[in-house]
Visitor: 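For reference, the structure I am asking about is given below.
Any value given below was found using the heavy atoms of this structure, including those in side chains, with hydrogens, waters and symmetry copies removed. Residue numbering restarts at 1 for every chain, and letters A, B, ... go by the order of the sequence lines.
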Amino acid sequence: MNVPEDLSYTAEHEWVRIEGGRARVGITDFAQSALGDVVFVELPEADVELARGDHLGEVESTKSVSEIYAPVAGRVVAVNAALAEHPERLNADPYGEGWICEIELGDPSGEGLLDATAYGDLTASE
Amino acid sequence: MADDPASGRDGSRRSPLHAHHLGLGATMVPFAGWSMPLRYQSELVEHHAVRQAAGLFDLSHMGEVHCVGRQVAEALDFALVGAISALALGQARYTMLCAPDGGVLDDLVVYRLAEQHFLVVANAANTALVRASLAERFDRFDATVRDASIETALIALQGPVAATVLAPLAGADLSALGNYRCVPATVLDHEVLLARTGYTGEDGFELFVRAEQAPPLFEALALRGAAHGVVPAGLAARDSLRLEAGMPLYGHELSTARSPYAAGLGRVVRLDKPGDFVGRGALSERQHETGERLVGLSCPRPPSPRAEMAVQASAEGDSGEPVGIVTSGAPSPTLGHPIAMAYVRTECAAVGTSLAVAARGRAIPVEVVPLPFYRRERPATPPRAADAEKEL
C-alpha cells in the first residue's frame, strides 16, 4: 500500500498536502483500494467554509458510498472538476490526478493529522 | 496444530481455489462464512468482460445437496413450491423452499440427474437450513438427503463466448445442451456435471466438479479463455451482473418476510400441482396479496440508491410516510447510470411512476422501469420457449 512520506493523513483515510497556507486533499491508496472502482465523486462547492470533520463530498464505487470529511478547517478554493468526467482517476492516481480539492487553511499548523508512519500503522491493523 | 487448507484463521471456509485466487491477487472477503474473491483487479473490467466475452467465477461456496430415493420426486414436490417431479432427466428448474407461512427460506436450482436423483443447489448462507428442512420434509417419504457442499466445487463460465471456449474442451455436444439443461461431461479429463445455468443474464455454463479437480480445471479454462477475452470475475461483478439482469438475491429481494408473489415470482409456485406441499395453504391465500410489488428503479445520474434506503412518493423533500424500501442498488456498468430494485406500495408500482429515494439527507429522483434492466440478445436459434420461460 502506497503511503507517501511527505503527506499528512486522517484516520478516515484522507491525505493532506500542506503548502503555503493551502491544503490539497484526497483519499488514500488504501481507501481507493477498499472502495473498488470509483464511478462518481461528489465534489465540494468552491468558496464553502468548512470546519474540520464537516462533510466535504462523497465517493461512490460500484459497491458502496463513502463520505469524505474535511481533514482541516478552512475555505474551499479549488476543486478537481476533472473528476466529474474521470472518477477513475481516484483509483489510478489517488495522490496525483485524483486529488479532490484545495482548502485555504484557517489553522495552518495541520495539528491533529497523522504522519505517514502513524497512518501506515493504522491501515496495517485494519 | 496442522494448518487446515479448507479454513482460514478466522474460521471461514476456503474454496479449493483459495490459493489460486491469492496467486491472482484477488481481494478476498468474508461471504456467508466463506472467504471468497470480491474482485481480481477491477470489478468494472470483470463486469464488462462477462457482457462482451465471458467471466470465470468460483462459486464453490454454493451448497450442493443431493436428494435420492425411490420417492425422491414426490418428496421434493412436497418440500419445494415447484413441480419437481415433472422435470425431465437432465433438466433444471429455478424454485424455492418456503416456510409454512409462505415466506421464502431460500431460492434454489434443482437439477434432475437421474430418475431417483436430484441435485439441489442452495445459497451458501442457507445450505444448512436447506439440508435440514429437506431432511425433515422427507420424513414420510422413501428419500434421503446428502450435503456434498464441501467436496464439490462449482466453477461458472458466463458470457457470450462461453460456449466457444468450452466446446473444444468438453466431451459433449454443447449445441444440444439447452438452457436450464445439464449433462455429465468430461472437460479436459475432469469428470463434471455440466449445466447451462447461471446468474449473470448471459449464456453460460456451471461446472460442478470434485474439489480437488477444481484448480487444474479453473486454470485450464482461464488459459484457454484468455485468447477470447475471458477473465476471472469476483463476487462484486456477479452482484452487478445479476442486478442488471433483474435477478433476486436472497437476503435482499427474497426473505422469510415476503412470499414469492410479492417478488413477482409467483410463477415458481405451482398451486396447480397435485398433492400437498409445505406452504400451499398460506401461498394460495398470499397469491392475492396486493400490498407491495418488487419494481425496478432507474436514476438518470449518481448517486445510486442503496439497499435499505426508504422510497418516497415524491422528490419534494421528506413527503411523509415512505412508500417502499430499496433492496439492491448500484451503478449499472452496462447502462451507465444507477439502477435499483425496491419493494413499493402497489399504487406506486406502475412503470413510469416518478418516486424518490432518501439518501443521506437528500432525495434521489427515480423512475419505475420494467425488469430486467438488461436483456441479452438471443442467439439466432433461440432455445425452446418452454426452456426460456424457466430461466429467471
Visitor: Would you call A:Phe40 and B:Pro303 a side-chain contact if the rule is heavy atoms closer than 4.5 Å?
Guide: yes

Visitor: Report yes or no: does B:Glu43 contribute a side-chain atom to a donor-acceptor pair with the main-chain N or O of A:Gly36 at less than 3.5 Å?
Guide: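 Here the side-chain-to-backbone pair does not exist.
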
Visitor: Looking at every heavy atom in both A:Thr62 and B:Leu44, which two are closest together, and how far apart are they?
Guide: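 That closest heavy-atom pairing would be CG2-CD2, 3.6 Å.
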
Visitor: Which bit of A:Glu88 comes within less than 4.5 Å of chain B, counting heavy atoms only: side chain, backbone, both or neither?
Guide: neither

Visitor: For residues A:Ser33 and B:Arg39, report the shortest heavy-atom separation together with the two atoms involved.
Guide: O-NH1, 3.1 Å

Visitor: Do B:Asp239 and A:Lys63 meet the salt-bridge criterion of a basic N to acidic O distance under 4.0 Å?
Guide: yes

Visitor: Select one option (side chain, backbone, both, neither) describing which atoms of B:Ser332 are under 4.5 Å from chain A's heavy atoms.
Guide: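 The answer is neither part of B:Ser332.
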
Visitor: B:Ser42 versus chain A, heavy atoms under 4.5 Å apart: side chain, backbone, both or neither?
Guide: both

Visitor: Taking salt bridge (Lys or Arg N to Asp or Glu O under 4.0 Å) as the criterion, tell me which of A:Glu58, A:Glu42, A:Glu67 meets it with B:Arg360.
Guide: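 The residue from A:Glu58, A:Glu42, A:Glu67 that satisfies salt bridge (Lys or Arg N to Asp or Glu O under 4.0 Å) with B:Arg360 turns out to be A:Glu58.
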
Visitor: Verify the neighbour count for atom CZ of B:Arg362: are there more than 12 heavy atoms of other residues, nucleotides or ligands below 6.0 Å?
Guide: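 Count over threshold, so yes.
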
